[in-house]
Amino acid sequence: MEEIQVNTSRQTEMIDITSRVSSVVKKSGIQNGVCTVFVPHTTAAVTINENADPAVMRDILMETNKVIPFKDGYTHAEGNSSAHIKSSLFGCSIAVIVENNSLRLGTWQSIFFCEFDGPRSRRVWVEISG
Ligand code: ZN
């Protein structure tokens with residue numbers, strides 16, 4: 001298992017970590033298998049979506065922040081329920097097929113770390129099984 005450090009700079013943010021996950025795959029030497037990316041936080045997540053137009057991630061964040069507002073009479077004392085809800089909806093892990101020592105992603109797909117309660121210093125765990 002390898003750990004990737006991600007430093008976020010905004011309250012909500014999507015950061016492309018594909019090249020960093022890909023480096024872990026290369027380093028593992030594993031030719032064929034599965035790469036699991038796991039975020040060990042309750043106010044962050046990981047997702048796969050379009051890398052070509054940054055507007056896609058901006059729109060996803062914009063709509064997510066509308067549907068799950070930062071303040072809405074939540075009862076969680078820490079005051080970051082919005083981030084907890086977004087974390088659960090997006091999910092804390094993804095699995096990507098590894099083929100010929102490379103991530104088998106679609107042409108327009110990238111792996112994004114999702115920050116919902118930043119800025120913070122975050123960790124991402126990457127495990128390759130093969
Ligand atoms: Zn909390």
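The model shown is predicted, which means the values in this text are computed figures rather than measured ones. Order of listing sets the numbers, starting from 1, for every ligand and every atom in it.
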**OP:** Could you tell me whether the Zn ion (ligand 1) has an N, O or S atom of Asp117 under 2.8 Å away?
**Re:** no
Original post:
Would you say Asn80 has an N, O or S atom lying under 2.8 Å from the Zn ion (ligand 1)?
Top reply: yes
**OP:** Would you name the N/O/S atom of His84 that lies closest to the Zn ion (ligand 1)?
**Re:**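 It is NE2 of His84.
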Original post:
Measuring from His41:NE2 to His84:NE2, what's the distance to the nearest 0.5 Å?
Top reply: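 Interatomic distance, His41 NE2 to His84 NE2, rounded to 0.5 Å: 12.5 Å.
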Original post:
Distance from Thr47 atom OG1 to Gln109 atom CD, nearest 0.5 Å?
Top reply: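 CD of Gln109 is found 9.5 Å from OG1 of Thr47.
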Original post:
Which angle, to the nearest 10 degrees, do you find at the Zn ion (ligand 1) between NE2 in His76 and OE1 in Glu78?
Top reply: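 The two atoms form an angle at the metal of about 110°.
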Subject >> Side-chain donor/acceptor of Glu2 to backbone N/O of Ile4, under 3.5 Å >> reply: no
Original post:
Considering only heavy atoms from C-beta outward, does the side chain of Ile111 approach that of Val96 to under 4.5 Å?
Top reply: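 Answer yes - side chains close enough.
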